[in-house]
Amino acid sequence: MAHKFVIEQNKAGDYVAKFKYNAELIWWTEGYASKAGARNAIESVLKNGPAAPVEEA
């Protein structure tokens with residue numbers, strides 16, 4: 001699979017949700033105290049992202 005979400009623990013011990021495409025890091029979230037928090041962030045992107053408007057500066 002070329003793209004995937006990954007939950008990793010950072011140096012501070014927080015959990016971070018990351019989106020990778022072809023092993024390249026595209027974006028990541030803030031740190032969460034639990035894996036459930038990071039998973040909720042992913043679920044929010046999956047739910048709300050497809051309908052989000054695109055803004056260009």
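Here the structure is a predicted model, which is why all the values come from computation and not from measurement.
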Please report the shortest heavy-atom distance between [X] and [Y], naming the atom on each side.
X	Y	value
Y15	S34	CD1-C, 3.4 Å
K47	P50	O-CD, 3.9 Å
W28	L25	CE3-CD2, 3.6 Å

Given I42 and I7, is the side-chain contact (heavy atoms from CB on, under 4.5 Å) satisfied, shown in steps?
-> CA-CA 9 Å; I42 292 170; I7 297 174; 3.9 Å; yes
What distance do Y21 atom OH and H3 atom NE2 have between them, rounded to the nearest 0.5 Å?
-> 8.0 Å
If two hydrophobic side chains count as joined below 4.5 Å and joins carry through other members, does L46 share a cluster with I26?
->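 Cluster IDs for L46 and I26 match.
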Would you say T29's side chain and A17's backbone share a donor-acceptor pair under 3.5 angstrom?
-> yes
Kindly say whether E24 contributes a backbone atom to a donor-acceptor pair with the side chain of N22 at under 3.5 angstrom?
->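 A pair under 3.5 Å: no.
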salt_bridge(K35, E8) N-O dist < 4.0 Å |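 The answer is no: the pair does not qualify as a salt bridge.
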Taking the side chain as C-beta and beyond, is there a heavy-atom pair between Y32 and D14 under 4.5 Å?
-> no
Any side-chain heavy-atom pair of E43 and V45 under 4.5 Å =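 A side-chain contact is absent here, since even the closest heavy-atom pair is not under 4.5 Å.
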F5-F19 aromatic ring centre distance below 6.0 Å | yes
